[in-house]
Amino acid sequence: MNDDEIREVEHEADRLHFKSALQLLQKTRRTETDDTDWHRLMARILRGLSDSRAALDHARNAGTAPRAQLELAKCLFAAGQTEEAGQRLTAICTDSSDLAACLSLAAWCAEMGEVTRARNILQSSSLHQLPPGGLRMDWLILTADLASFEENMDTAFRFYRQALHETESCIPSNWQPLRRMLILHNMADSLEQMERPDQAMHLYRQALREMKQQHRTDGTVTDLSGYEAELLLSVANCLGNMEEYETAHGFLNKADRLLAGDPPRQKSYFHARRLYIGGLLALNESRNTEAAHLFEQAMTVQKKLCLSGQDKPEHAARTAYYLASVLPDTETGRKLALYEEAWPVFEQMQEKEPAFYLSARAEMENERGRLSSDRSLGIRHYRYSVALYNQVLALHPEDSLARESRLAARVNLYLLSPCQDLENCIRQELTALQKQSGSLFLDTVSAYLLHSGECSPAFHEWLTQFRQTLPSPYDA
């Protein structure tokens, strides 16, 4: 291939016109069977067309130049060979100061839950000096994402806004609305993570407007329906969290029509995603049987996709966690097995979303203790649950749900292993929660302890008096 041909193909790929880029590249094939640039470009294009296995075959024939090795690492990651991808990226960054490789290694670390390492890579390189272009945009967004993972929202939103501001100078004009939509999507997701769904919806509405603008600007961008489907499903989930169920189902129906009429290239991935979001919506509506059915279907597809690198183990683990939460206690063995599946992934990903993964692991430990038939094992699970909730509250002292959940774990621990220290902790927690929690929760906990038969006389008397100080939980 000559330089003009390379530039022409890369121009189309940069515009996310991977089909036309493929056609241009195929015209240059001729007899250059050992042309490494040809294989590198073919790998990039096929990766853009979600054909990760074929892309990887070409990437392995693209030579040893840093650009070729970087493309190989990206193809390895896309094909699910994440460990080798990380090794390749580390080797490139060790042997050279290639900024594109440093950025890709930081992104790899973030995806693997190594948020601190990713941040250190960004801070130790000169990526902040990048000129306008796609690489600078990727740096801005990754920096924002990492700050969001660490719940540093001021920093995250400063970089997200900078990325929005620089879209016109960094991104080809034909997909600037799509780039803005993706940034707004990330911002909204960050707000949902911080349990601010109303603010998140404001950004989702802006993202939906940018999506419409993208269709007007250039509707031929590769896999545009996939980007739109992900947005519609995210909006439906946010509305479900806001208990606006009718509107949420409306967005699910929009996603269904889109997926049926213009299926994205990763059709199975979006099918699983649709089932998962539908399960979350049913869970929010307390339709547990339907939620379990949807989660079961989603997890079956996700596990198959994970084997070929088409989905993340993190997604399958979340589905397993929520499935366990809606199964009845008659399926104790299954619930515990699902927790075993989710636990190591949640532990690995903890840096990526600390509050969620710590809280989820604490809840799993409390449930393991409750479901255990072994007293000593139950005690161990409850103690670890309390310790994990302590970590959650160290991050978010104002989190009343975590405080209530820690109290529940302490009560469960006390009933298996009564002691004065636990009595004192429960007294302090009940007293402190009077300012935050509803009287129904406090009355229920107190009544549960009083009827357990495990309380010391002094604790029994204190609980009786405490309960009398509570307003009636049934007052209008």
Side-chain angles (χ1 to χ4, degrees), residues 70 73-74 77-78 82-83 85-90 92-94 97-130 132-167 170-171 179-196 199-200 203 207 230 234 312-315 317-318 345-361 391-392 394-396:
L70 177 55
K74 291 179 178 180
F77 187 84
T82 55
E83 185 175 345
Q87 292 170 352
R88 295 270 181 177
L89 289 169
T90 302
I92 299 170
C93 294
T94 301
S97 57
D98 188 294
L99 293 181
C102 289
L103 185 59
S104 293
L105 178 58
W108 178 88
C109 291
E111 284 293 331
M112 301 305 292
E114 299 178 26
V115 175
T116 302
R117 184 185 173 197
R119 179 166 39 76
N120 290 340
I121 291 170
L122 293 187
Q123 291 175 345
S124 63
S125 66
S126 55
L127 284 162
H128 62 282
Q129 299 173 357
L130 286 166
L135 204 58
R136 176 170 172 79
M137 178 60 63
D138 290 343
W139 169 73
L140 287 169
I141 294 170
L142 180 57
T143 302
D145 287 344
L146 293 175
S148 172
F149 294 158
E150 296 179 316
E151 300 179 358
N152 185 348
M153 291 303 161
D154 288 342
T155 299
F157 273 63
R158 177 161 54 85
F159 278 94
Y160 282 138
R161 291 190 185 100
Q162 185 68 22
L164 286 171
H165 177 71
E166 295 192 25
T167 298
C170 290
I171 299 299
R179 179 71 274 178
R180 286 191 293 269
M181 183 279 283
L182 293 170
I183 296 167
L184 290 163
H185 194 166
N186 283 16
M187 295 171 75
D189 187 59
S190 298
L191 289 171
E192 280 198 273
Q193 176 185 325
M194 299 303 292
E195 299 183 359
R196 301 178 192 169
Q199 296 175 44
L203 292 173
E230 189 72 61
S234 294
K312 302 175 184 178
E314 182 182 357
H315 291 165
R318 284 196 180 220
V345 181
F346 281 21
E347 194 169 29
Q348 179 186 351
M349 292 293 154
Q350 185 169 301
E351 280 192 33
K352 197 171 178 181
E353 199 175 328
F356 171 78
Y357 286 119
L358 278 171
S359 295
R361 290 172 61 214
Q391 292 182 52
V392 176
L395 291 171
H396 298 285

Using the side-chain contact (heavy atoms from CB on, under 4.5 Å) rule, take Ile183 and Met137 through it: C-alpha gap first, then chi angles, then the decisive distance, then the call.
CA-CA 10 Å; Ile183 296 167; Met137 178 60 63; 4.1 Å; yes
Check against side-chain contact (heavy atoms from CB on, under 4.5 Å), Trp139 and Leu142
CA-CA 5 Å; Trp139 169 73; Leu142 180 57; 6.0 Å; no
Would Ile141 and Leu182 count as a side-chain contact (heavy atoms from CB on, under 4.5 Å) here? Give the steps.
CA-CA 10 Å; Ile141 294 170; Leu182 293 170; over 6 Å; no
Show your working on side-chain contact (heavy atoms from CB on, under 4.5 Å) between Thr82 and Trp108 and close with a plain yes or no.
CA-CA 8 Å; Thr82 55; Trp108 178 88; 4.2 Å; yes
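For the residue pair Gln348 and Tyr357, no side-chain donor N or O sits within less than 3.5 Å of a side-chain acceptor on the partner. Glu230 and His185 are not linked by any side-chain donor-acceptor pair at a separation below 3.5 angstrom, with hydrogens and angles left out of the test.
Taking both residues in full, the closest heavy atoms of Pro354 and Phe149 are given as CD-O, 3.0 Å, listed atom of the first, atom of the second, then distance. Taking both residues in full, the closest heavy atoms of Gly113 and Glu351 are given as O-CB, 3.2 Å, listed atom of the first, atom of the second, then distance. Taking both residues in full, the closest heavy atoms of Ala188 and Ala200 are given as O-CB, 3.4 Å, listed atom of the first, atom of the second, then distance. Among all heavy-atom pairs drawn from Ala118 and Ala110, the shortest one is CB-N, 4.0 Å. Here the closest non-hydrogen pair linking Thr94 and Thr90 is OG1-O, 2.7 Å. In this structure, Ala100 and Leu70 approach most closely via the heavy-atom pair CB-CD2, 3.7 Å.
For the pair Arg88 and Phe77, the cation does not sit on the ring face, since its NZ or CZ is not both under 6.0 Å from the ring centre and inside 45° of the axis.
Side-chain atoms of Gln193 do not come within 3.5 Å of backbone N or O of Glu353 as any donor-acceptor pair. Thr167 places a side-chain N or O within 3.5 Å of a backbone atom of Leu164 that can act as its donor or acceptor partner. A donor-acceptor distance shorter than 3.5 angstrom exists from the side chain of Ser124 to the backbone of Ile121, with no hydrogens or angles considered.
Residue Asp98 holds its CG atom at 8.5 Å from OG of Ser104, rounded to the nearest 0.5 Å.
Of the charged side-chain nitrogens involved, at least one lies within less than 4.0 Å of a carboxylate oxygen, so that Lys352 and Glu314 count as a salt-bridged pair.
By the 6.0 Å contact criterion, CD on Glu195 is open, its count of non-hydrogen atoms from other residues, nucleotides or ligands being 12 or less.
Under the rule for a side-chain hydrogen bond (donor to acceptor under 3.5 Å, both in side chains), the partners of Glu150 that lie at least two apart in sequence or sit in another chain are Arg119.
Proximity of Pro132 to Glu166: side-chain heavy atoms (C-beta onward) are nowhere separated by under 4.5 Å.
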